[in-house]
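Okay, structure first, notes after.
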Amino acid sequence: MNSTQLACIILAAGKGTRMKSALPKVLHRLGHKPLLGHVISAAETLAASRIVVVVGPGMEDVAAVANPHPTVVQVTQNGTGDAVRAALPALEGFTAGTVLILFGDTPLMTAETLEKLVSAVGPAPAPAVAVLGVPVPAENAFGRMVVTGEALERIVEVKDASPAERALPIGNAGVMAIDAALLPQLLARLEPSTVTGELYLTDLVALARAAGREARLVTGEPVEATGINSRADLAAAEELFQQRLRATAMAAGVTLIAPQTVWLAADTKLGRDVIIHPNVVIGPGVEIADGVEIQAFSHLEGVTIGKGGRIGPFARLRPGAELGEDVHVGNFVEVKNATLAAGAKANHLTYIGDADIGTGTNIGAGTITCNYDGYLKHRTKIGDGVLIGSNTALVAPVSVGNRAVVGAGSVISRDVPAEAVAVARGEQKTAEGRAVRYHDEKAAAKAAAKKSS
Ligand code: UD1
Ligand code: CA
């Protein structure tokens with residue numbers, strides 16, 4: 001498709017009152033990505049030369065998500081037809097080609113289906129309008145398609161429909177492709193619904209036919225028409241989106257042992273032969289290289305993991321964790337804003353925050369980088385080939401040089417030079433035979449207490 005021939009209008013002015021939220025509906029997220037972002041990504045995949053988003057007054061936060069694509073403000077929300085009218089000035093000069101109209105609250109449309117719609121329309125004698133329809137159950141609120149074969153005669157909104165029309169089996173998914181040359185004149189002819197007073201985008205079908213042009217029904221999968229009106233809809237759409245992400249990951253060579261228990265984000269990047277065990281949650285900004293194994297109950301966000309890494313079970317990797325190749329992070333280990341170079345290991349019960357850990361260094365069980373003094377964060381730097389003994393506290397800012405060894409139970413608050421051994425703990429005293437007296441005294445005390453009770 002020639003990219004100079006397509007423009008997209010995304011309608012997102014609705015308040016979404018049924019979400020009962022301070023956040024505009026299209027900013028709620030699927031896979032940690034705003035609904036509007038999903039729709040914009042689909043439009044970008046089609047290589048649209050212009051993408052315009054229609055927002056309501058005061059929706060600067062929606063405009064920020066649309067950026068760099070321009071937004072237009074629909075001042076009074078008087079229906080989908082009115083919203084497209086509001087977008088027209090932003091399409092100034094776009095007179096030849098196709099305009100694709102999408103809804104910001106319908107995030108599961110695939111680029112493939114949208115392509116089909118776009119390629120169904122063109123200049124006369126090609127159809128001027130194509131609309132995506134999906135099979136719907138009788139109680140569904142979608143507008144109904146009045147068709148003769150593939151020819152679409154008109155769309156009737158359920159609120160305005162007769163009982164016979166309400167029984168029609170194909171619903172309007174809400175996406176429309178229309179000949180750009182015809183759009184302004186048809187919009188000018190829209191009349192308010194006598195039932196709701198709104199201007200309906202869907203009326204463009206009948207208007208195109210009245211102007212002597214054809215309209216076409218393109219049928220798609222009901223999943224793609226999933227619209228979000230409530231929190232329950234959002235949860236249902238999240239489940240569908242997760243199914244897609246999991247299927248895509250597996251098709252690309254990732255093993256998911258129990259796919260339905262693994263949560264991915266829209267931007268998750270997984271290499272080949274990554275193995276993800278059950279009950280793993282991956283948040284935004286995660287990139288995992290080939291051959292990494294993530295064991296059960298791990299939680300990751302904002303991290304990169306190099307080839308061959310072994311994570312978990314029960315690991316928590318937080319934003320800014322950068323793990324080199326073959327790094328091991330084991331159970332109950334938390335890593336935040338820290339680099340672990342190739343072959344470094346932190347296998348048990350550890351907190352590594354604001355730190356740099358060198359190649360092949362081993363962090364013993366129970367080690368803590370004390371990075372926060374209550375006011376500021378400080379960095380811990382540990383070199384290559386270092387051995388940090390179990391239960392060490394590293395009081396940052398502090399550094400440990402290459403191949404140094406830190407004794408278990410140390411509180412390290414001063415820098416340790418390379419190849420030094422540092423031990424910072426109370427010295428052990430051993431009194432030979434002293435335990436005999438201890439046992440005698442304690443046993444006697446217990447017997448006396450029993451007698452007097
Ligand atoms: C619309 C369709 C209906 C279709 C359904 C599919 C019309 C007249 N009806 O109905 O046939 O089955 O979607 O989901 O088009 N919006 C604006 N400005 C407005 C009104 C709406 O920007 O003044 C935006 C909303 O933010 C939303 C989209 O347009 O993203 C759809 O609006 P909505 O009110 O949900 O339309 P429906 O009544 O569901
Ligand atoms: Ca809707």
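Counting convention: from 1, in listed order, for ligands and their atoms alike. Counting begins at 1 with the first residue of the sequence.
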Separation between [atom1] of [X] and [atom2] of [Y], rounded to the nearest 0.5 Å:
| X | Y | atom1 | atom2 | result |
| --- | --- | --- | --- | --- |
| L183 | F94 | CG | CZ | 10.0 Å |
| L186 | D203 | CG | CG | 11.0 Å |
| I288 | E293 | CD1 | CD | 11.5 Å |

Ligand-side contact atoms (ligand 1) for residue partner [X], heavy atom cut-off under 4.0 Å:
| X | result |
| --- | --- |
| G14 | 17 (C), 22 (O), 25 (C), 26 (O) |
| T80 | 7 (C), 8 (C), 15 (O), 20 (C), 21 (C), 29 (O), 31 (C), 32 (O) |
| A83 | 17 (C), 18 (N), 22 (O) |
| G104 | 30 (O) |
| F142 | 6 (C), 12 (O), 14 (O) |
| N78 | 23 (O) |
| Y200 | 8 (C) |
| A12 | 22 (O), 26 (O) |

Legend entry - Student check: side-chain heavy atoms of L30 and L234 closer than 4.5 Å: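 Side chain of L30 against side chain of L234, heavy atoms only: contact under 4.5 Å found.
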
Legend entry - Any side-chain heavy-atom pair of T369 and D354 under 4.5 Å: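 Not touching, per the 4.5 Å side-chain cut-off.
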
Legend entry - Selection from E157, Q77, M176, Q74 by shortest heavy-atom distance to atom 18 (N) of ligand 1: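 Nearest heavy atom to atom 18 (N) of ligand 1 lies in Q74.
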
Inset, instruction - Out of G16, G79, A225, indicate the one that has the non-hydrogen atom closest to atom 19 (C) of ligand 1. - result: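 Among G16, G79, A225, the closest heavy atom to atom 19 (C) of ligand 1 comes from G79.
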
[X] N/O under 3.5 Å from ligand 1 N/O:
| X | answer |
| --- | --- |
| G143 | yes |
| L201 | no |
| V54 | no |
| A13 | yes |

Quick test of your reading of the model: are [X] and [Y] salt-bridged, counting only N-O distances below 4.0 Å?
| X | Y | answer |
| --- | --- | --- |
| R318 | E301 | no |
| R272 | D290 | no |
| D326 | K307 | no |

Legend entry - Check: Y372 ring centre within less than 6.0 Å of H378 ring centre: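 Y372 vs H378: aromatic centres not under 6.0 Å.
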
Legend entry - Donor on one side chain, acceptor on other, Q77 and D82, under 3.5 Å: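 No pair is found: no donor N or O on one side chain lies under 3.5 Å from an acceptor on the other.
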
Contact between [X] and ligand 1, counting heavy atoms under 4.0 Å?
| X | answer |
| --- | --- |
| T202 | yes |
| G81 | no |
| G227 | no |
| D82 | no |

Inset, instruction - Spell out, as yes or no, whether a donor-acceptor pair under 3.5 Å connects the side chain of T339 to the backbone of D356. - result: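 Absent.
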
